[in-house]
J.: 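Have a look at the structure that comes next, please.
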Number of protein chains: 2
Amino acid sequence: MKPTIRDVARMAEVSISTVSRVMNAPNSVVESKRNRVMEAVERLRYQPNSFARGLIYKKSFTLGLLIPDIENLYFAGVIRGMQDACIKLGYSLMICNTDRDKERLLSYIDNFHEKQVDGIVFASDVLYPEYHDKLVGCRIPFVLVSSHSDEFDIPSVEVDDEEAAYDAVKFLIDLGHKDIGMIGFNHDNSVSGPPRYEGFVRALTESGLQQNIMKSKYASHRFEHAYQAAHELFTDYPELTAVFCVADEFAMGTISYLKDRNILVPGQVSVIGFDNLRMSSMFIPKLTTIAQPIYELGYRAAEKLHELLTTGEVQVLNEKMEHKLIVRESTREK
Amino acid sequence: MKPTIRDVARMAEVSISTVSRVMNAPNSVVESKRNRVMEAVERLRYQPNSFARGLIYKKSFTLGLLIPDIENLYFAGVIRGMQDACIKLGYSLMICNTDRDKERLLSYIDNFHEKQVDGIVFASDVLYPEYHDKLVGCRIPFVLVSSHSDEFDIPSVEVDDEEAAYDAVKFLIDLGHKDIGMIGFNHDNSVSGPPRYEGFVRALTESGLQQNIMKSKYASHRFEHAYQAAHELFTDYPELTAVFCVADEFAMGTISYLKDRNILVPGQVSVIGFDNLRMSSMFIPKLTTIAQPIYELGYRAAEKLHELLTTGEVQVLNEKMEHKLIVRESTREK
DNA sequence: CTGAAAGCGCTAACAC
DNA sequence: GTGTTAGCGCTTTCAG
């Protein structure tokens, strides 16, 4: 049996309120008693029961995080950032991996509701009205990270996808490439799919390279799909000398395909990625990519949620963080 | 304000006990009342408060997972397995990433204690007496995954590291290699370091290749360290034609180093890894490796913990799961 | 089959 | 400063 406040009180020969006081406002208790209590706490290894506390405070000091795919390195970074922020702010963190499964996501929300999490960070996924309504119905405050909502006014933190994609493609163009393809996210299940495509289009158009706009194929989040998409892309457009991949994992899939076809990267084809995962500098060749401040995104999302929780609102609704081009070995001048 | 059982009772015009009954034993309530209650529950989106429940049941139906490094793909698999098992068994999961920091780990245990997790899965790390004592002091049952303890009798699930390492090295020998090196884990902060080294030694000795035993360098968990260790290894032993890496991430670091030195893999040097991460089949060249049943390890650990929690003991204390050699492209006959 | 009431461990008035 | 006590929301006897 775990010791309760009563056991501590008995051992220290004080009332339970005194024990409660030394746990919460030590200075309001005279030193002699305080010491006795603290000693009893030590000896019994007493830890206040958070159920009892939760009942009173009506807060769990726990945040929930919903991520689509824990096997994607991107989210490991978001988790680290968020976890560090949680430590700083005094929250525990509950991470749930939805595997991009609607039912699972919905049931995790129920779970969060039951466990009384104070707020939720919803990562990277499209906020379908169904999700939104459920969250609102449960009265759980939430923010979006690496995502945003056009339909609803939900606080969010992300990079400027359009601008970042533009920068990537512009870099390829400045390298002298004229035949540029793209491996993008399917637009129907991805928030960043459309803006990154827009960035691709804008860079091309601005340089009079519109003929490339159609040279894009789509994949859904994973390496294998990107490999397949690369196959389609190079079958249709063998003239390509550069490709913009909207995720580092796509860049790896593309390079892997090219390798199997004996096409050299960056010798014959330049490939640029997006995200700057930890793996990206380990890959061969090391990936040129658009770095997202992944850790910071997670950190900031937790702070923003905290802001929402404590003040009831956020200073800036939709926040953009800086991206940065990282030039490594997968791209070369044409 | 979230609705309470009282609100539901009022709306359904029954007592709170009746509401409690339809939530927990619906059949003990006549249909008419039951329907009224269920309707009220729907309309109010009532969700029982788990604090109040926890106070009564003295259980949180939550498990804790302690992992050393969430940016290591290995743990993503463990998490997935464990999370699926948790869903099946009716637990929520609380994941904490220690970043291999002692203080942090200890404070997470306090956190788990306070949050009243029912049990903990401790992943991959060495169970220092300090950790053991704290866990025991908190009276939180726990099991080890991808780890074991020689000092204490703690339930564990892992692969047979010695045997698996032996298989890896034997494979290299059977390929005709006579000059074989190793990049291992530092023995002082790794559980699987020693047994994998033992496997290396046994395979070598058995084939009369003892002269290789000294040809080993150590790294601590990450790519960059393995890159450095590979540098040391090949500086000291340039004659090597094969290297056994005790982690896929080490194999990647080694290959990356070799690539920078313009040494071909597998053309001039064969490299075998260990783990079979998702990335390993994406790497160039695709990694030959010893596959661990990562997902199953996580799944099984949760089941084992559940067994410990419900029956007070486990059928088999230290459980070994099957590993498997996966031959891909990073190895070749000598 | 159903309601009243006790109590889980804790905090926060409220007296002293 | 410190103790007493009334709940927080729920489950579970115990009567009826």
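Just so you know, these numbers come straight off a predicted model, no measurement behind them. Residue numbering restarts at 1 for every chain, and letters A, B, ... go by the order of the sequence lines.
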J.: Using distance alone, with no hydrogens and no angle criterion, decide if B:Arg278 and A:Asn72 have a side-chain donor and acceptor under 3.5 Å apart.
T.: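 Checked: B:Arg278/A:Asn72 side chains show no N/O donor-acceptor pair below 3.5 Å.
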J.: Reading DNA chain D 5' to 3', which nucleotide is the first, and which the last, to come under 4.0 Å of any heavy atom in chain B?
T.: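 In short, chain B contacts DNA chain D from D:dG9 to D:dT13.
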J.: Listed by chain and number, what are the side chain to side chain contact (heavy atoms under 4.5 Å, CB included) partners of B:Glu42, not counting sequence neighbours?
T.: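 If we apply the side chain to side chain contact (heavy atoms under 4.5 Å, CB included) test to B:Glu42, skipping adjacent residues, there are no hits.
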J.: Is the shortest distance from a Lys or Arg side-chain nitrogen in A:Glu307 or A:Lys304 to a carboxylate oxygen in the other one below 4.0 Å?
T.: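 Salt bridge absent between A:Glu307 and A:Lys304.
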J.: Which atom pair, heavy atoms only, marks the closest approach of B:Val19 to B:Ile5?
T.: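 Looking at all heavy atoms of both residues, the shortest contact is CG1-CG1, 3.5 Å.
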J.: Please list all pairs passing the salt bridge (Lys or Arg N to Asp or Glu O under 4.0 Å) test where one or both residues lie in residues 60-73 of chain A, with sequence neighbours left out.
T.: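 Listed by first then second residue: A:Asp69-A:Arg222, A:Glu71-A:Arg222, A:Glu71-B:Arg80.
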J.: Which residue pairs satisfy the salt bridge (Lys or Arg N to Asp or Glu O under 4.0 Å) criterion with at least one member in residues 10-21 of chain B, sequence neighbours excluded?
T.: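 Those involving residues 10-21 of chain B are B:Asp7-B:Arg10.
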J.: Sequence neighbours left out, what pairs pass ring pair (Phe, Tyr, Trp, His ring centres under 6.0 Å) with at least one residue falling in residues 97-127 of chain A?
T.: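 Sorted result for residues 97-127 of chain A: A:Phe122-A:Tyr131.
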J.: If we ignore hydrogens and angles and just use 3.5 Å, is the side chain of B:Ser146 paired with the main-chain N or O of B:Glu158 as donor and acceptor?
T.: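 No, the answer is negative, given that no donor and acceptor are paired below the 3.5 Å cut-off.
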J.: For chain B and DNA chain C, what are the first and last nucleotides along the strand, 5' to 3', with at least one atom under 4.0 angstrom from a heavy atom of the protein chain?
T.: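 Span of nucleotides near chain B: C:dC1 to C:dG9.
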J.: Let's see if you get this right: which residues in residues 5-13 of chain B place a heavy atom under 4.0 Å from DNA chain C?
T.: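 DNA chain C contact set from residues 5-13 of chain B: none.
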J.: To the nearest 0.5 Å, what is the distance between OG on B:Ser15 and CZ on B:Arg6?
T.: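 B:Ser15 atom OG to B:Arg6 atom CZ measures 10.5 Å (nearest 0.5 Å).
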J.: Please work out if B:Thr4 contacts a base, only the sugar-phosphate, or nothing of the nucleic acid, heavy-atom cut-off 4.0 Å.
T.: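 Answer is sugar-phosphate: B:Thr4 comes under 4.0 Å of backbone atoms only.
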J.: Cut-off 3.5 Å, side chains only: do B:Thr62 and B:Lys115 have a donor facing an acceptor?
T.: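 No, B:Lys115 and B:Thr62 have no side-chain donor paired with an acceptor closer than 3.5 Å.
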J.: Which of residues 18-28 of chain B have a heavy atom under 4.0 Å from DNA chain D?
T.: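 Residues of residues 18-28 of chain B that come under 4.0 Å of DNA chain D are, in numerical order, B:Ser20, B:Arg21, B:Asn24.
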J.: Can you list every salt bridge (Lys or Arg N to Asp or Glu O under 4.0 Å) pair that touches residues 117-133 of chain A, not counting sequence neighbours?
T.: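 For residues 117-133 of chain A: A:Lys102-A:Glu130.
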J.: Report the residue from B:Leu317, B:Val316, B:Asn318 that forms a side chain to side chain contact (heavy atoms under 4.5 Å, CB included) with B:Ser156.
T.: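 That would be B:Asn318; it is the only one of B:Leu317, B:Val316, B:Asn318 passing the side chain to side chain contact (heavy atoms under 4.5 Å, CB included) with B:Ser156.
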J.: Would you check if the side chain of A:Lys2 reaches a backbone N or O of B:Gln116 as a donor-acceptor pair within less than 3.5 Å?
T.: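 Answer holds: no.
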J.: Specify the residues of residues 43-58 of chain B, ordered by number, for which at least one heavy atom lies under 4.0 angstrom from an atom of DNA chain D.
T.: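 Within this stretch, B:Tyr46, B:Pro48, B:Asn49, B:Ala52, B:Arg53, B:Ile56, B:Tyr57 sit under 4.0 Å of the strand.
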J.: I need the full list of ring pair (Phe, Tyr, Trp, His ring centres under 6.0 Å) pairs touching residues 132-156 of chain B, with sequence neighbours left out, sorted by first then second residue.
T.: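 Passing the test, one end in residues 132-156 of chain B: B:His132-B:Phe152.
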J.: Filter on ring pair (Phe, Tyr, Trp, His ring centres under 6.0 Å), then keep only pairs touching residues 49-97 of chain A, sequence neighbours left out; what's left?
T.: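 Output for this query lists A:Tyr91-A:His306.
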